[in-house]
Amino acid sequence: MKYYVLFGPPGAGKGTQAGAMVERYNLCHLSTGELLRAEIAAGTPLGLQAKSLIEAGNLVPDSVVEGMIESKFRDTQGVDGFLLDGFPRTIAQARALDKMVEVTGCISIMIPDSLIQERIAHRAHIEGRADDARSEVVQNRIATYHAKTEPLIDFYRSAGKYYEIDGTGTIEEVRQRIFSAMDKL
Ligand code: ADP
């Protein structure tokens with residue numbers, strides 16, 4: 001089994017690229033953001049707990065997302081691996097993941113901060129996500145990314161598992177860069 005971490009700042013295009021990646025490599029796409037939004041939509045206790053945190057641009061507790069990922073690992077069959085999108089987002093989550101499985105590689109889509117805001121503003125019109133609509137929430141997500149998530153770059157780099165992809169340009173250009181990195185893994 002392959003375990004890929006799809007990494008990048010909010011708005012880098014992880015969700016956009018994930019579809020092509022899961023198809024080409026027969027992976028199960030696990031997006032913690034999507035899983036959490038499904039819990040919110042279903043009105044579960046977990047969803048209720050997550051809603052206010054997400055809508056303020058904060059992270060949900062590590063234990064919550066770790067539990068969701070672990071149960072998906074257990075319940076999913078018929079794939080060659082997993083594409084983890086939005087997880088891990090903290091060093092603690094990365095350590096928890098290392099206890100569950102051996103990560104194959106971290107595919108990191110990089111864009112500058114200026115492009116982050118532009119892409120999220122654009123997505124707010126299309127997808128109508130509550131956490132995309134308010135600029136102070138987006139600012140907080142970017143700050144949270146720099147403070148809590150960016151340290152994962154060094155974490156995976158020192159493990160020799162970090163593959164950085166230039167996330168600027170067209171969707172197709174970025175996809176080709178990702179494929180040429182993943183074909184070697
Ligand atoms: P984006 O790609 O724009 O960052 P996501 O859909 O991945 O958005 O995540 C939306 C929100 O869900 C995050 O801002 C955070 O509040 C919560 N979330 C998602 N994944 C995690 C995680 N691994 N740990 C903690 N919170 C998470």
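Atoms within each ligand, like the ligands themselves, are counted from 1 in listed order.
- Using cut-offs of 30° and 60° for the angle between ring planes, the F7 and Y145 rings count as tilted.
- Clustering ILVMFWY residues whenever any of their side-chain heavy atoms sit less than 4.5 angstrom apart, transitively, puts V22 in a cluster other than the one holding V101.
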Exercise for the section: Kindly indicate, with the supporting measurements, whether the criterion salt bridge (Lys or Arg N to Asp or Glu O under 4.0 Å) is fulfilled by R157 and D154. Expected result: CA-CA 5 Å; R157 194 178 268 141; D154 280 338; 3.5 Å; yes
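- Relative ring orientation between Y25 and Y4 is described as tilted, the plane-to-plane angle lying within the 30° to 60° band.
- Distance CG/L53 to CG/D131: 12.0 Å, rounded to 0.5 Å.
- Without hydrogens or angle criteria, K14 side chain to G86 main chain gives no donor-acceptor distance under 3.5 Å.
- Under 4.0 Å from any atom of ligand 1, one finds heavy atoms of residues P10, K14, T32, G33, L36, R37, I54, N58, L59, V60, V65, G86, F87, R89, Q93, R123, R129, D131, R141.
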